[in-house]
Amino acid sequence: MQLINNNPIGFFDSGIGGISVLKVVRKLLPYENYIYFSDFANIPYGNKTSGYVDRRCEFITEYLIRRKAKVIVIACNTATANSIDKLRKKYNIKFIGVEPAIKPAAKITASKKIAIMATGLTTSSFRISKLVKMQNKNLKFIIIPCVSLVEEIEKKPTGNSKLTKKIRAYLDPAIKEGVDTIVLGCTHYSFVKDLITYEYNSKIKVVDANEAIALELKRDLT
Ligand code: DGL
């Protein structure tokens, strides 16, 4: 594989969520160098104002540029939905963002009912409503703001009974309505992908965007 240069690929997220993306990317691009910026001091982004998240994204971008990142992966749905357009206008570096895998979900649903789990700031973003509007009108989308799920996953990414209870409280009503496909619209939620599948007896499909981002990055670098 021909690499542009040996400079690192910069990653950032409010916490550990982006590591779920980095894990998939490293499998595909094992010879690259990486810097991962985790903004623990400011987690969760999903409950902050839009301006606050913009300022954090700018701060981290400038840090990663100083560390000679050749591309920046915004491994956070909230930061992508809220800030990527503004960052692209302001900085002369390539940004790759994460977007909920709504299109792949639309292709695999049999019941034509899809739930999208995401943070408060993501669910209220223009990008999400635009993505949903672009889909087939026969599909029904239930958008679920999962406030405080990120903090719980940070505490115990492998899951515990409190986390399971929270997830069921968010998802049970959607499953009762006939949802058969769940979109994980936050990179933290990839850590509980297996837990969700297990809770609903593998009857539902759970999709994230990690594979798609890794492929996009690989395309850009080769
Ligand atoms: N991993 C982030 C995301 O994908 C979490 C945002 C937060 O800190 O609330 O949205």
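Model, not experiment: these values are computed from the prediction. Counting convention: from 1, in listed order, for ligands and their atoms alike.
Atom numbering of ligand 1 starts at 1 in the shown order; those under 4.0 Å from a heavy atom of Ile43 are 8 (O). Heavy-atom contacts of Thr119 reach the following atoms of ligand 1: 6 (C), 9 (O), 10 (O) (cutoff under 4.0 Å). Atoms of ligand 1 found under 4.0 Å from any heavy atom of Tyr45 (numbered from 1 in listed order, with element): 7 (C), 8 (O), 9 (O). Within ligand 1, the atoms closer than 4.0 Å to a non-hydrogen atom of Ser14 are 5 (C), 6 (C), 7 (C), 8 (O), numbered from 1 in the order shown. Residue contact check: Asp13 has heavy atoms under 4.0 Å from atoms 1 (N), 2 (C) of ligand 1. The His188 neighbourhood of ligand 1 comprises atoms 1 (N), 2 (C), 5 (C), with distances under 4.0 Å to a heavy atom of that residue.
Arg168 forms a cation-pi arrangement with Tyr200, by the criterion of a distance under 6.0 Å to the ring centre and an angle within 45° of the ring axis. Both tests pass for Lys48 against the ring of Tyr52: distance under 6.0 Å to the centre and angle within 45° of the axis. For the pair Arg66 and Tyr63, the cation-pi criterion (under 6.0 Å, within 45° of the ring axis) is not fulfilled.
Residue Gly46 has at least one nitrogen or oxygen atom sitting less than 3.5 Å from a nitrogen or oxygen atom of ligand 1, judged on distance alone.
Ion pairing of Lys70 with Glu32 is present here, as a side-chain N (NZ or NE/NH1/NH2) and a carboxylate O approach within less than 4.0 Å.
Around the CZ atom of Arg127, the shell of radius 6.0 Å holds more than 12 heavy atoms that belong to other residues, nucleotides or ligands.
Shown here for Val98 and Ala75, the closest heavy-atom pair between the two residues is CG2-C, 4.1 Å.
Closest protein heavy atom to atom 10 (O) of ligand 1: Thr78 OG1, 2.5 Å.
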